[in-house]
There are 2 protein chains.
Amino acid sequence: MMITLTEENYIKAIYHLGKLGTANVSTNAIAKEMETKASSVTDMVKKLSEKAYVDYKKYQGVSLTEKGKAIAVNIVRKHRLWEVFLVEKLNFLWDEVHDVAEQLEHIKSPKLIDELDAFLNFPTHDPHGDPIPDKDGNFSKLDKVKLSKVAVGETCTCVGVEDSSSAFLKYLDNHKIALGSKIEVIAIEPFDESVTILINASKLNISKHVSNNLFVRTN
Amino acid sequence: MMITLTEENYIKAIYHLGKLGTANVSTNAIAKEMETKASSVTDMVKKLSEKAYVDYKKYQGVSLTEKGKAIAVNIVRKHRLWEVFLVEKLNFLWDEVHDVAEQLEHIKSPKLIDELDAFLNFPTHDPHGDPIPDKDGNFSKLDKVKLSKVAVGETCTCVGVEDSSSAFLKYLDNHKIALGSKIEVIAIEPFDESVTILINASKLNISKHVSNNLFVRTN
DNA sequence: AATAATTTTTAGATAACTCTAAAAATATAT
DNA sequence: ATATATTTTTAGAGTTATCTAAAAATTATT
Ligand SMILES: [Mn+2]
Ligand SMILES: [Mn+2]
Ligand SMILES: [Mn+2]
Ligand SMILES: [Mn+2]
């Protein structure tokens, strides 16, 4: 009847994995994402199917039903709003919020999340640049592109990260690259595809990995 | 090794029950408080004893160890700080906060609760007038007394509630009785011990039950 | 002090979630 | 197409927390 914390985490994992492609989400992919065993996933997926959160046929992987998707989007909404709260109000750094948000996203209160949303002035994006769905589950579209796709000579604004690992975020901090930073692409090294950029009025060379994990909006 | 949510709830229940008297807390009392069965309590109490959160001897009830008490006080701290947050920042009424705080009190983050404390300006009391322990577990003392103990002619300030049920709190709201309200005791009816008070510049008669569940500070 | 009533503990089961190891199905390679 | 490799599912078992029913201990009553 009532949805458990574990079920919510599975639904969220299936949601995120489902966005990566068009095919059904495989048992192994879920197992990897959840750091659990494939046999455990099979058991849970059967239960989620019984509860109509996913469509499942043996050996064919799963996909979220509308009911399941609505739950996933609401969890994502809560996760990202809490991340904003932690950074904006409680002095957390953007690499410190994820684990706490993982817990807070499961708090159940009809009123809490909408009041939090209002308290934060209805933010559209979280500290990593990821969009926050509104009450009805609608995402604000923002056409962002990877910095690695920006041509030499173009100017752009940093709006998000693909990789939100602490290691990557700390690298960005150390080099004063933040959401909102203006970046001009000066040169792309043909050899290793590293990119020389102009940021904060100084030149910086970043690796392909970095340029490939930074989202920007071209002006 | 790690403490579970259920263990935390048992420890908190034992803490609250332990404050009511000097004797050990009985299995049945815990069962009633937790809305569970005595046999379940016995099982859990054994586990808590193994983990050194409580002292327990068969048939003799339990009491918290120092380790257990520290955990209980920290949960109380979190519960009450979250209640302040909900009322002060998210427009919750004082009768709406308890269930959400019951969930939020289990969020584990070294940084979160201390930042929240600072964000709220280190409040000493929650929306029901209950004291909030500081980081080190120390409670701010406030000598409050039940309104039913105040003599005729005396003036006092409402500082807390004994009963924090939604029904009682809504009654207080309806009669404009809030924390901080100035109250003068006009008369005590010998027959039913109802009390006539002067509050907000008008007279009001309240039952013994009400006067017995309102804490005041005499000026 | 013996009996009755109450409280507490044990015994045995169940539900949710997990695991390892083995079997079955599917996908890949020859 | 057949054999091989990989993926997925099943079978069986362990853990945590719960329950009912029965046994044991404690407390209250006569
Ligand atoms: Mn996150
Ligand atoms: Mn994020
Ligand atoms: Mn409360
Ligand atoms: Mn309270």
Side-chain angles (χ1 to χ4, degrees), chain A residues 1-14 17-18 20-64 68 71-72 75 102-103 105-106 108, chain B residues 1-14 17-18 20-64 68 71-72 75 102-103 105-106 108:
Chain A
M1 173 69 276
M2 219 211 118
I3 193 163
T4 69
L5 185 142
T6 312
E7 288 168 352
E8 286 192 345
N9 280 330
Y10 271 94
I11 289 169
K12 189 178 56 147
I14 294 165
L17 293 167
L20 301 179
T22 56
N24 280 355
V25 177
S26 76
T27 301
N28 262 4
I30 298 169
K32 191 179 175 189
E33 175 82 8
M34 306 274 304
E35 298 181 44
T36 186
K37 301 292 164 173
S39 54
S40 303
V41 173
T42 301
D43 280 353
M44 179 54 78
V45 145
K46 281 179 187 168
K47 193 172 25 147
L48 294 178
S49 177
E50 273 164 29
K51 292 191 171 186
Y53 296 128
V54 300
D55 290 316
Y56 168 62
K57 262 183 283 185
K58 266 194 195 179
Y59 293 99
Q60 306 307 303
V62 292
S63 61
L64 290 177
I71 286 167
I75 298 171
E102 286 290 312
Q103 299 176 62
E105 71 189 3
H106 299 290
K108 284 161 188 68
Chain B
M1 172 71 275
M2 219 212 118
I3 194 162
T4 68
L5 185 142
T6 313
E7 288 168 353
E8 287 192 344
N9 280 330
Y10 271 95
I11 289 170
K12 189 178 56 148
I14 293 165
L17 293 167
L20 301 178
T22 57
N24 279 355
V25 178
S26 75
T27 300
N28 262 3
I30 298 169
K32 191 179 175 190
E33 175 82 9
M34 306 274 304
E35 298 181 43
T36 185
K37 301 292 165 171
S39 54
S40 304
V41 173
T42 300
D43 280 353
M44 180 54 77
V45 146
K46 282 180 188 168
K47 193 170 27 145
L48 294 178
S49 176
E50 273 165 29
K51 292 191 173 186
Y53 297 128
V54 300
D55 290 317
Y56 167 63
K57 265 184 282 186
K58 267 193 196 179
Y59 293 100
Q60 306 305 304
V62 292
S63 61
L64 290 177
I71 286 166
I75 298 171
E102 286 290 313
Q103 299 176 62
E105 71 189 4
H106 300 289
K108 283 161 188 68

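Below, read A as the first sequence line, B as the second, and so on, with proteins coming before strands; counting in each chain starts at 1. The structure presented is a predicted model; accordingly, all values stated were derived computationally and were not measured.
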K.L.:
Take the protein atom CD of E35(B) and the nucleotide atom P of dC19(D), then report the distance between them rounded to whole Å.
P.N.:
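Between P of dC19(D) and CD of E35(B): 11 Å.
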K.L.:
Between dT10(D), dT8(D), dT18(D), which one does the side chain of T27(A) approach most closely?
P.N.:
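The answer is dT8(D).
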K.L.:
Measure from CG on D43(A) to C1' on dG12(D) and round the result to the nearest Å.
P.N.:
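These atoms are roughly 12 Å apart.
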K.L.:
Looking only at heavy atoms, what is the nearest atom pair of I11(B) and A72(B), with distance?
P.N.:
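Residues I11(B) and A72(B), closest heavy atoms: CG2-CB, 3.8 Å.
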K.L.:
Rounded to whole angstroms, how far apart are CD on E8(A) and C1' on dA16(C)?
P.N.:
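It is 15 Å, rounded to the nearest whole Å.
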K.L.:
OP1 or OP2 of dT16(D) less than 4.0 angstrom from a side-chain nitrogen or oxygen of T6(B), does that happen here?
P.N.:
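Answer is no, no contact under 4.0 Å.
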K.L.:
Using whole Å, report how far NZ of K37(B) lies from P of dT7(C).
P.N.:
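Rounded to whole Å, this separation is 14 Å.
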K.L.:
For residues M2(B) and E7(B), report the shortest heavy-atom separation together with the two atoms involved.
P.N.:
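That closest heavy-atom pairing would be O-OE1, 4.0 Å.
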K.L.:
Do the side-chain N or O atoms of Y59(B) get closer than 4.0 angstrom to the phosphate oxygens (OP1, OP2) of dA23(D)?
P.N.:
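For dA23(D), OP1/OP2 do not have a side-chain N/O of Y59(B) under 4.0 Å.
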K.L.:
Which of these nucleotides, dT26(D), dT18(D), dT8(C), is closest to any side-chain atom of Q60(B)?
P.N.:
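Nearest nucleotide to the side chain: dT26(D).
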K.L.:
Less than 4.0 angstrom between a side-chain N/O of T36(B) and OP1 or OP2 of dC19(D), yes or no?
P.N.:
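Yes, such a contact exists.
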K.L.:
Let me know which of E33(B), E102(B), H106(B) forms a side-chain hydrogen bond (donor to acceptor under 3.5 Å, both in side chains) with K12(B).
P.N.:
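So the option named by the test is E102(B).
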K.L.:
Specify the closest pair of heavy atoms between A38(A) and T27(A), including all atoms of both residues, with the distance to one decimal.
P.N.:
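What the structure gives for the nearest pair is O-CG2, 3.5 Å.
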K.L.:
Rounded off to whole Å, could you give me the NZ-to-C1' distance for the K57(A) and dT26(C) pair?
P.N.:
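Answer to the nearest Å: 15 Å.
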K.L.:
For the pair made of CD1 in I30(B) and C1' in dT7(C), what is the distance, rounded to whole Å?
P.N.:
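Between C1' of dT7(C) and CD1 of I30(B): 13 Å.
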K.L.:
Using a cut-off of strictly less than 4.0 Å, decide whether N28(B) has a side-chain nitrogen or oxygen near OP1 or OP2 of dT8(C).
P.N.:
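Indeed, a polar side-chain atom of N28(B) lies that close.
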K.L.:
Under 4.0 Å between a side-chain N or O of S39(B) and OP1 or OP2 of dT10(C)?
P.N.:
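Answer no for this pair, as no side-chain N or O of S39(B) is under 4.0 Å from OP1 or OP2.
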K.L.:
Which heavy atom in A13(B) sits nearest to a heavy atom in M34(B), and how many Å separate them?
P.N.:
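That would be CB-SD, 3.5 Å.
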K.L.:
Taking atom P of dT16(D) as reference, at what distance in whole Å does atom CE of M44(B) sit?
P.N.:
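M44(B) atom CE is separated from dT16(D) atom P by 10 Å.
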K.L.:
Round to a whole Å and report the spacing from CG of N24(A) to P of dT7(D).
P.N.:
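That distance rounds to 17 Å.
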K.L.:
Taking only side-chain nitrogens and oxygens of Y56(A), does any of them come within less than 4.0 Å of OP1 or OP2 of dT8(D)?
P.N.:
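Checking Y56(A) against dT8(D): no side-chain N or O falls below 4.0 Å of OP1 or OP2.
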K.L.:
By nearest nucleotide on DNA chain C, pick out whichever of K46(B) and M34(A) is the more 5' one.
P.N.:
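Its nearest nucleotide being more 5', the pick is K46(B).
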K.L.:
Kindly say if K58(A) contacts the phosphate of dT10(D), meaning a side-chain N or O under 4.0 Å from OP1 or OP2.
P.N.:
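Yes, because at least one side-chain N or O of K58(A) sits under 4.0 Å from OP1 or OP2 of dT10(D).
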K.L.:
Quick one: is S40(B) getting a side-chain N or O under 4.0 Å of the dT18(D) phosphate, OP1 or OP2?
P.N.:
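It does not, given that no N or O in the side chain of S40(B) lies less than 4.0 Å from OP1 or OP2 of dT18(D).
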